[in-house]
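Quick notes on the structure that follows.
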Amino acid sequence: KNMAAKGCGVLVSFLSGSRSSLFTGPMRVRPCLRFNRGYSLSTVFQRASSGGKMNWVRSAMLATSVGISCMYYIRWKSRDIETPTVLPQISADDGKEGEEKEKKVTKRELRYQDFASVMYEGEMYMSPKDFLESVTQDEPRSAGYQVMDDRILSKIIKDVPPLSKGSSHFFRDLWNDGILTYADYLFLLTALIKPRKQFEIVFRMIDVDGNDTVDLEEFEQMQKTVTRRRNTTSVEQSKLRQSTLITHLFGSKGNKKLSSNDLFKFIDDLQTEVRDMEFNKYSLGGPTINAEQFAEILLQHTNYDLQEVRKRLHREHEISDTSISFEQYSDFCQLLSALDDFQIAMTMFTIAGKPVSEDEFSRASQVAIGKSLDTKVIHTVFKIFDLDGDGKLSDKEFISVMKNWQVRGMKLKQTKREGLWAEFKTCVKLEMRNQ
């Protein structure tokens, strides 16, 4: 990609009349078609079409090079969508061993593999640090990994604190001293993005004898249900007998019972821990964040145009001085965990196809989570998503963007190439508007 961009950079540099024949770094097509030496698309076209006898030749060649560059970018970005990674899998359809069958690897499996940094018996696992980074960072901070043998594993499992000593710093306290399987990863991720109500329903269905506890076997069945896993993939075929999560919930021998209260307290602590990390990343240990930092948190895992949002927020002096506390941010995250319920409540106001007001948004959040959000948080959300400045909110736009944020780093699959083309057209429109 960088070599192709470098070649286009050379051509654009020549056509635009630059004395330098090479850019110092790879060309960036996004955001808004700017090159890393400060050239904007409009500037390059102006330089190419002004002065000299060959101005029309330069303009034509420049248009061709930019078009090729943009199409290359679209093809490069769509590789994750249209070219799924495949793993060989043994087929049991006809009872013949050794027959291989292609299976698509999901984005969650790919993300697990990208962040996993612990190797045990030739297989990769996550540490508690890896899991936290996978839901708060776009990319792993390091590419290295640690090799774990039976001696190290025994010590790590022995040092796992019991459930009675759990806290909202559990994973940060363990950091590298832990090991999590892919099944653990899916369960923890689901606990972050699904409302408590769904776990309560599944727990009651699994708890056949009605004693409000489940054993390890029942919990594994619960894991598969809430994460909607049907088939065991190669990533899930683990040689690890007991992970840090299982030891914490069921003891070192895996023979303890897990009550519903203990499970929901663990989930609440997990959600608080991740939200605290997201909040402190921008507050730097302070008690509040401003409106722009709040917007960055909400839009960090989405394709939303953060630059345009910043401009809208800067134009509103009342919003630019807004301070949002951790409690207010946590309440909003609770609403996002109940996004499906919130969407149903919003239907009452949008049934006629009209946008939603701030008062109606507040009433819908009250219905979804049993509490109203702070008015300044709601006002800030409206300024982030109010594209036409009419003081109303399109629930479809809000819901679609927040669903992307909800899955923390695994953007929802774009089913058509037009999604990427729409991004490019928006980028060009913004560039033209700025001129």
Problem set entry | Close aromatic pair by centroid cut-off 6.0 Å: Y329 and Y282 | no
Exercise. Is a donor on one side and an acceptor on the other found under 3.5 Å between the side chain of K376 and the backbone of I324?
Worked result: no
For this session: Evaluate the side-chain contact (heavy atoms from CB on, under 4.5 Å) criterion for residues F294 and I384: first the C-alpha distance (whole Å), next the side-chain angles of each, then the deciding distance (0.1 Å), finally the verdict.
Result: CA-CA 10 Å; F294 179 66; I384 293 174; 4.1 Å; yes
Exercise. Are there more than 12 heavy atoms of other residues, nucleotides or ligands under 6.0 Å from atom CE of M205?
Worked result: no
Exercise. How far apart are the closest heavy atoms of I156 and D177, and which atoms are they?
Worked result: CG2-O, 3.7 Å
Problem set entry | Closest heavy-atom pair and its distance - S372, S365 | CA-OG, 4.0 Å
For this session: Would you mind reporting whether I378 and F332 have side-chain heavy atoms less than 4.5 Å apart?
Result: no
Seminar exercise, completed: Interatomic distance, CD@Q146 vs CE@M148, rounded to 0.5 Å, equals 5.0 Å
For this session: Side-chain contact test, heavy atoms from C-beta onward, threshold under 4.5 Å: evaluate it for K392 versus V356 and give yes or no.
Result: no
For this session: State, to 0.1 Å, how close S337 and R275 come at their nearest heavy-atom pair, and which atoms those are.
Result: OG-NH2, 3.7 Å
Exercise. In Å, rounded to the nearest 0.5 Å, how long is the span from OG of S259 to CG of L249?
Worked result: 10.5 Å
For this session: For S167, check side-chain contact (heavy atoms from CB on, under 4.5 Å) against everything at least two apart and list the hits.
Result: H169, D173
For this session: Give a yes or no answer on whether the side chain of Q242 reaches the backbone of G251 with a donor-acceptor pair at less than 3.5 Å.
Result: yes
For this session: State whether the side chain of E273 and the backbone N or O of F171 hold a donor-acceptor pair below 3.5 Å, judged by distance alone.
Result: yes
Exercise. Is there a side-chain contact between V381 and L373, using heavy atoms and a 4.5 Å cut-off?
Worked result: no
Problem set entry | Any side-chain heavy-atom pair of M346 and I399 under 4.5 Å | no
For this session: Decide yes or no on side-chain contact (heavy atoms from CB on, under 4.5 Å) for R108 and L186, but give the supporting numbers first.
Result: CA-CA 8 Å; R108 291 187 176 185; L186 286 183; 3.7 Å; yes
Exercise. Does a donor on one side chain and an acceptor on the other come within less than 3.5 Å for D359 and S362?
Worked result: no
Problem set entry | Least distance between heavy atoms, E278 atom then I297 atom | O-CD1, 3.8 Å
For this session: Output the distance between atom CE (M126) and atom CG (D184), rounded to the nearest 0.5 Å.
Result: 10.5 Å
Exercise. Say you draw a straight line from CG of L258 to CD1 of I246; how long is it, rounded to the nearest 0.5 Å?
Worked result: 9.5 Å
Exercise. Can you tell me how far the CZ atom of F203 sits from the OG1 atom of T213, to the nearest 0.5 Å?
Worked result: 6.5 Å
Exercise. Where the side chain of E218 meets the backbone of D215, is there a donor-acceptor pair that is under 3.5 Å apart?
Worked result: yes
Problem set entry | Closest approach of A291 to L313 (non-hydrogen atoms, all atoms of both residues) | O-CD1, 3.9 Å
For this session: With side-chain contact (heavy atoms from CB on, under 4.5 Å) as the test, would you mind laying out the steps for F170 and K165 before giving the verdict?
Result: CA-CA 9 Å; F170 173 72; K165 295 184 179 180; over 6 Å; no
Exercise. Taking the side chain from S330 and the backbone from F326, do they hold a donor-acceptor pair closer than 3.5 Å?
Worked result: no
For this session: Measure the CD-CD1 distance between Q198 and I193 for me, rounded to the nearest 0.5 Å.
Result: 9.5 Å
Problem set entry | Sub-4.5 Å side-chain heavy-atom contact between E296 and E292 | yes
Exercise. Would one find more than 12 heavy atoms of other residues, nucleotides or ligands at under 6.0 Å from atom CZ of R172?
Worked result: yes
Exercise. Checking D207 side chain against D212 main chain: does a donor-acceptor pair fall under 3.5 Å?
Worked result: yes
Exercise. Which is it for F382 and F398 under the ring-ring contact (aromatic ring centres under 6.0 Å, His included) test, yes or no, and what are the steps along the way?
Worked result: CA-CA 9 Å; F382 269 63; F398 173 77; 8.4 Å; no
Exercise. Going through the distances and angles, do L153 and Y125 end up as a side-chain contact (heavy atoms from CB on, under 4.5 Å)?
Worked result: CA-CA 12 Å; L153 178 62; Y125 299 90; over 6 Å; no
Exercise. Okay, side chain of D276, backbone of T272: is any donor-acceptor separation there less than 3.5 Å?
Worked result: no
Problem set entry | Sidechain-backbone polar pair: E133 side chain, D130 backbone, donor-acceptor under 3.5 Å | no
Problem set entry | Neighbour count >12 (heavy atoms, 6.0 Å) for atom NZ, K256 | no
Exercise. Between K265 and D269, is there a salt bridge with N-O shorter than 4.0 Å?
Worked result: yes
Problem set entry | Side chains of M402 and L339 in contact at under 4.5 Å (non-hydrogen atoms) | yes
Exercise. Hey, are the side chains of L393 and D386 touching, using non-hydrogen atoms and a 4.5 Å cut-off?
Worked result: no
For this session: For the pair R196 (side chain) and F264 (backbone), establish whether a donor and an acceptor sit closer than 3.5 Å, ignoring hydrogens and angles.
Result: no
For this session: Evaluate the side-chain proximity of Q113 to M124: yes if any heavy-atom separation is below 4.5 Å, no if none is.
Result: no
Exercise. Which of these, Y182, F131, F219, sits in a ring pair (Phe, Tyr, Trp, His ring centres under 6.0 Å) with F187?
Worked result: F219
Problem set entry | Taking every non-hydrogen atom, the tightest pair across G178 and V118 | O-CG2, 4.4 Å
Exercise. Quick one: do E308 and K311 make a salt bridge, cutoff under 4.0 Å?
Worked result: yes
Exercise. Does the gap between the ring centers of Y185 and F115 come in under 6.0 Å?
Worked result: no
